[in-house]
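In what follows, a single structure is set out as structure tokens and then discussed.
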Amino acid sequence: MDTIFALASAQGKAGVAVIRLSGPLAHSAAAGLTGSSLPSRGMRVRSLHASDGSRLDEGLILTFQAPASFTGEDVAELQIHGSTASVNAVMRYLSDADGLRLAEPGEFTRRALENGKMDLTQVEGLADLIDAETEAQRKQAQTILAGELGILAERWRRDLIRAASLLEAVIDFADEEVPTDVTPEVQSLITGVMHDLQREADGVKIAERIRTGFEVAIVGLPNAGKSTLLNALAGREAAITSEYAGTTRDVIEVRMDLSGLPVTLLDTAGLRETDDHVENLGIELARKRADAADLRVFLTDDPTELGVPMIEGDIQVLPKSDLHGDREGGISGKTGQGIDRLISHISCILSEKSTSHGIATRERHRVALNDAKAALGAAVTVLESGPDLYDIAAEELRTAIRALETLVGRIGVEDLLDEIFSSFCLGK
Amino acid sequence: MKHSKFDVVVVGAGHAGTEAAHAAARMGVETALVTLSEQDIGVMSCNPAIGGLGKGHLVREIDALDGVMGRVADQAGIQFRLLNRRKGPAVQGPRAQADRALYRAAMKKETQGRDHLSIIVGEVVDFLMDGSKVSGIKLADDSEIRAEAVILTSGTFLRGVIHIGDVSKPGGRMGDRPSVKLAERLDSFDLPLGRLKTGTPPRLDGRTIDWSDLERQDGDEDPTLFSFLSTSVIAPQISCGITHTNAQTHEIIERNLSRSAMYGGHIDGVGPRYCPSIEDKIVRFADKESHQIFLEPEGVNDHTIYPNGISTSLPQDVQLDYVRSIKGLEKSVILQPGYAIEYDYVDPRVLTSSLSLPEAPGLYLAGQINGTTGYEEAAAQGLVAGLNAALSVLGRDPIHFTRADSYIGVMIDDLTTRGVAEPYRMFTSRAEFRLSLRADNADQRLTPMGVDLGCVGQIRKAQFTRKMEKLTAAKSLLMDRTYTPKEVRAVGINVNQDGNRRDGMALLAFPDVSFEDLLSLVPGLEGFDADTRLQVERDALYANYIARQQKDVEAMKRDELYEIPRDFDYSMLDGLSSEMKQKLAEARPVNIAQAARVEGVTPAALTLLLAKLRREQKVRKA
């Protein structure tokens with residue numbers, strides 16, 4: 001039975017974060033982090049260290065002995081400081097440890113179930129919990145697939161199917177008219193994917209990609225100074241990569257880098273009641289985009305007059321400080337007054353959002369990329385021996401594909417057969 | 001009116017039927033094999049060959065359980081070739097051309113000689129029903145045979161229609177009657193049916209072929225046989241001819257496409273993509289200038305030639321035209337035209353992993369009726385149905401083959417959980433544990449299981465025991481101690497000087513290290529015979545990969561223990577999307593492991609399912 005771990009507390013910045021481990025290696029892995037032995041059942045305050053001896057954090061370590069634990073297995077709980085950095089560091093340590101892996105959604109619950117640790121009423125309540133986990137995962141997958149990573153993942157999928165199908169065709173249709181040596185094409189497909197994986201794995205670029213497209217909408221009455229504010233924001237801190245009109249003349253997008261976070265600023269049409277049909281269309285669009293944005297900056301004295309609800313986390317700033325004098329929360333694109341404060345406010349909120357986007361997900365991707373890369377590397381080595389070892393090369397390739405399943409989707413034998421039958425005329 | 005009673009009745013004496021009847025009889029229950037004619041026993045209606053990749057694995061597995069196909073094929077084999085001989089043992093598949101007449105004769109002899117097995121000639125027209133339970137069969141002469149279990153292996157006979165050009169007529173095989181009444185009875189069970197098609201090439205008279213300029217393909221010099229009990233080939237060995245289609249052939253076919261049954265719109269059934277008609281090949285791969293044809297003799301004393309690669313549903317005159325456009329066939333005579341056949345199959349997702357039909361207790365389905373193609377796939381299903389029918393008669397638990405123990409298990413699982421979209425054929429790529437499911441270790445995987453079940457005879461049991469004693473002795477010598485890289489290097493084996501000590505088996509896992517290389521390193525190995533040496537090498541080769549897969553195997557086995565009742569109501573699973581509910585309801589997985597393989601099912605969904613199962617169990621107990 002594998003030992004699994006996961007962040008058990010809510011993600012994002014918090015006072016305390018709880019990482020839970022369950023399985024035969026739970027205690028030894030926790031002890032490894034603390035560099036000293038732990039009681040089989042109890043509570044200790046310990047410093048946590050990485051394998052190179054550097055200090056990660058200090059935390060409270062709780063140990064439970066099977067079967068008297070939530071899952072019925074040996075369990076360790078690490079209560080550490082809730083900073084992103086600490087949690088990241090500990091999670092990374094655990095996923096690099098032998099015999100440990102990140103839990104699948106619902107897996108702790110499943111083990112508890114299997115070991116008879118849940119009563120009837122608890123089971124009743126599970127549906128909602130798992131539903132939420134599934135939904136979160138589904139959303140995450142959608143986010144990934146909609147973005148730049150989605151395009152990459154789609155290419156990987158295509159290339160891996162092609163590579164695997166070539167090997168399988170040579171293996172399974174050996175007595176038919178198929179090539180006998182497909183090594184060069186398979187190798188080039190695999191090294192292409194490996195190259196991409198390497199780039200993604202270095203520096204956890206995936207996380208950034210997921211965050212690509214944080215949208216910040218500036219909303220306000222016409223002539224409140226939105227465009228001036230946008231220009232001031234862009235000119236002061238941003239490296240503008242592109243500027244173009246939106247789908248209508250009324251939404252301007254400016255892509256910029258705010259304290260290291262890629263952000264798209266939306267300058268929307270001024271929101272007001274009007275009889276002008278065309279302007280109304282623009283306003284309708286502005287409201288939609290503002291609703292969908294990750295964060296709204298309300299440039300107004302009275303947020304209720306705009307018809308866009310202000311929700312928790314949105315920012316209100318008071319327009320035209322240059323005309324009204326320096327006031328609390330005031331801003332002026334013209335004089336630059338309050339701009340720095342707004343930038344730090346926006347980036348603070350967005351960093352919080354970005355970390356809550358899922359340390360676990362990011363760590364899961366990192367592990368998947370590394371596993372896939374290792375298996376592909378092994379496949380390339382084996383392929384050097386030519387067709388004689390295609391069975392082993394195919395096995396390594398299969399391992400890589402399984403590791404990447406969360407990114408490229410499940411690739412089944414039917415996908416391979418489809419590719420084989422469309423590439424080769426078979427049937428003697 | 002005659003009445004008789006058996007424990008198990010098998011309807012149809014093709015490859016599924018014979019294997020089913022033998023399996024049941026080996027289990028010691030009284031079995032009847034009902035066939036339209038004794039001539040039909042073991043008839044090869046398509047190409048005269050057994051085995052191949054994936055298929056050869058199935059034959060070895062059937063043999064490991066003491067089935068008949070392997071031994072019969074060895075007696076009838078007239079050309080043996082081990083496919084992928086140069087690749088790893090996991091993907092090597094034994095294949096043989098078989099002499100049709102010899103095969104039939106050998107199968108008939110095996111069948112007549114089997115204890116507890118009776119052959120009954122007659123046409124089955126209906127089942128006997130006992131409420132919803134199938135309790136026997138009724139023959140055309142109104143006689144009744146009662147049985148605890150009935151295994152139906154009716155092949156393509158369900159609403160079979162044969163097409164040659166625009167001419168079509170009902171029939172199962174050329175010259176046979178389709179079973180209309182039986183089809184009506186099956187209809188009353190309200191089973192989901194689908195329609196498939198398959199085709200055959202025209203058969204040629206070998207005496208009218210000019211062989212002089214044709215390329216020849218010979219068998220292996222050192223033939224690899226199917227059965228673990230066989231020691232040498234029996235029939236005389238032949239070679240096959242190879243020729244190719246050409247521009248003129250393609251032109252004739254293209255010009256007459258509208259007259260083909262398939263392209264003329266006469267056929268709705270789905271055909272196999274790996275066995276396309278020559279029309280299909282030419283349409284779908286228009287830029288391919290030539291297609292290979294194997295000219296396979298149907299027997300040593302039979303001048304019929306099976307031209308493998310040009311199955312067709314074109315009219316007879318066009319068949320003759322295009323055949324005669326091919327090199328070597330300019331003057332050839334067609335003995336029997338090629339034809340396409342359309343038939344109904346039962347969506348195998350309604351079957352249990354025993355191949356029984358819960359809608360009609362007592363009835364088992366095996367072979368082509370379940371949407372498969374190929375003799376080997378049929379025989380393997382026959383074996384599963386035969387064993388399970390016997391077990392149910394004996395009041396014992398069914399035997400469940402898994403994806404981790406056999407290709408048989410892979411096939412049964414694919415059929416019963418995923419269903420089929422085209423005639424299902426085995427490929428090695430279907431097996432996720434391919435490196436451990438090898439043709440060479442089928443006996444190690446399955447013979448002990450067969451011994452426990454009681455379907456393995458004394459001869460095989462004794463032979464297997466002797467073989468395992470030798471293997472075990474050799475392996476324990478090899479694992480007796482470990483060697484430093486320096487010691488290994490000293491006997492001329494090149495390994496990494498990484499300081500890791502390795503035992504003999506670990507050294508054999510290196511592809512370039514052979515048993516012989518270890519003779520001077522490990523004392524006592526000299527005494528082992530060639531077969532044992534080779535088997536130890538094969539067992540060692542994939543050790544690292546098999547160990548890596550072991551975790552997956554264990555997880556799967558654990559999940560298989562959580563059974564899902566057949567009547568489980570997925571609609572009450574809060575938290576699953578309605579799409580997922582529907583997919584699960586259609587696939588009707590029998591356990592959590594199968595549910596996990598249903599497309600789109602996530603680990604979280606499984607936990608939910610498990611939770612619900614647990615809750616139901618508790619409610620039921622309460």
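Note on naming: letters A, B, ... go to the chains in the order of the sequence lines (proteins, then strands), and numbering restarts at 1 for each one.
Each of B/D280, B/D552, B/D414 has some count of heavy-atom pairs under 4.5 Å with chain A, and the biggest count is that of B/D552. When A/I420, A/V413, A/T399, A/D391 are compared by the number of non-hydrogen pairs under 4.5 Å with chain B, A/D391 comes out ahead. In terms of non-hydrogen atom pairs under 4.5 Å with chain A, the most contact-rich of B/T428, B/V91, B/I293, B/L606 is B/T428. In terms of heavy-atom pairs under 4.5 Å with chain A, the best-connected choice from B/R597, B/R558, B/R434 is B/R434.
Expressed to the nearest 0.5 Å, how far CD1 of A/I392 lies from CG of B/L435 amounts to 7.0 Å. Note that CZ of B/R284 and SG of A/C425 are 7.5 Å apart. Values are rounded to the nearest 0.5 Å. Atom OG of B/S429 and atom CG of A/L417 lie 5.0 Å apart (nearest 0.5 Å). In this structure, the separation between CD1 on A/I171 and CG on B/L53 is 9.0 Å, given to the nearest 0.5 Å. Taken to the nearest 0.5 Å, the CG atom of A/L389 stands 8.0 Å off from the CG atom of B/L541.
Only the side chain of A/R402 comes within less than 4.5 Å of a heavy atom in chain B; its backbone stays farther off. With a threshold of 4.5 angstrom between heavy atoms, B/N544 does not approach chain A through any atom at all. Interface remark: B/A431 contributes backbone atoms only to the contact with chain A (heavy atom separation under 4.5 Å). Heavy-atom distances place no part of B/I242 under 4.5 Å from chain A, backbone and side chain included. Using a 4.5 Å cut-off between heavy atoms, A/L416 makes no contact with chain B at all. Interface residue A/S423: only backbone heavy atoms are found under 4.5 Å from chain B. With a threshold of 4.5 angstrom between heavy atoms, B/E432 approaches chain A through its backbone and through its side chain. Proximity to chain A (any heavy atom under 4.5 Å) is shown, for B/R85, by neither the backbone nor the side chain. For B/R430, the parts sitting under 4.5 Å from any heavy atom of chain A are the backbone and the side chain alike.
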Can you check side-chain contact (heavy atoms from CB on, under 4.5 Å) on B/K87 and A/V170, steps first, answer last? CA-CA 10 Å; B/K87 300 195 188 90; A/V170 174; 3.6 Å; yes

side-chain contact (heavy atoms from CB on, under 4.5 Å) between B/T607 and A/E104: does it pass, once the steps are laid out? CA-CA 10 Å; B/T607 306; A/E104 301 284 349; over 6 Å; no

Show, in sequence, the C-alpha distance, side-chain angles and deciding distance for B/L608 and A/R110, and conclude whether the side-chain contact (heavy atoms from CB on, under 4.5 Å) test is met. CA-CA 8 Å; B/L608 193 59; A/R110 176 166 176 175; over 6 Å; no

Set out, in order, the CA-CA distance, both residues' side-chain angles and the distance that settles side-chain contact (heavy atoms from CB on, under 4.5 Å) for B/Q292 and A/E176, then state yes or no. CA-CA 8 Å; B/Q292 190 170 244; A/E176 307 218 15; 6.0 Å; no

Working for salt bridge (Lys or Arg N to Asp or Glu O under 4.0 Å), residues B/R81 and A/D175: CA-CA 10 Å; B/R81 283 172 55 231; A/D175 54 341; 5.5 Å; no

Applying side chain to side chain donor-acceptor pair (under 3.5 Å) to B/Y274 and A/D172, what does each step give before you reach the verdict? CA-CA 11 Å; B/Y274 41 81; A/D172 260 335; over 6 Å; no

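Applying the 6.0 Å contact sphere to CG of B/D512 captures more than 12 heavy atoms from other residues, nucleotides or ligands. Around the CD atom of B/E289, the shell of radius 6.0 Å holds no more than 12 heavy atoms that belong to other residues, nucleotides or ligands.
Note: A/F173 and B/F427 meet the aromatic proximity criterion, with ring centroids under 6.0 Å apart.
Ion pairing between B/K288 and A/E177 holds under the 4.0 Å rule for side-chain N and carboxylate O. Between B/R548 and A/E396 there is a salt bridge, since at least one side-chain N of the basic residue sits less than 4.0 Å from a carboxylate O of the acidic one. Ion pairing between a basic and an acidic side chain is recognised when a charged N comes within 4.0 Å of a carboxylate O; A/E414 and B/R273 show such pairing. A salt bridge links B/R86 with A/D388: at least one charged nitrogen is closer than 4.0 Å to a carboxylate oxygen. Note on B/K551 versus A/D2: salt bridge recorded, some NZ/NE/NH1/NH2 to OD/OE distance being below 4.0 Å.
B/Y542 has its side chain out of reach of A/E395: every pair of non-hydrogen atoms, C-beta onward, lies at least 4.5 Å apart.
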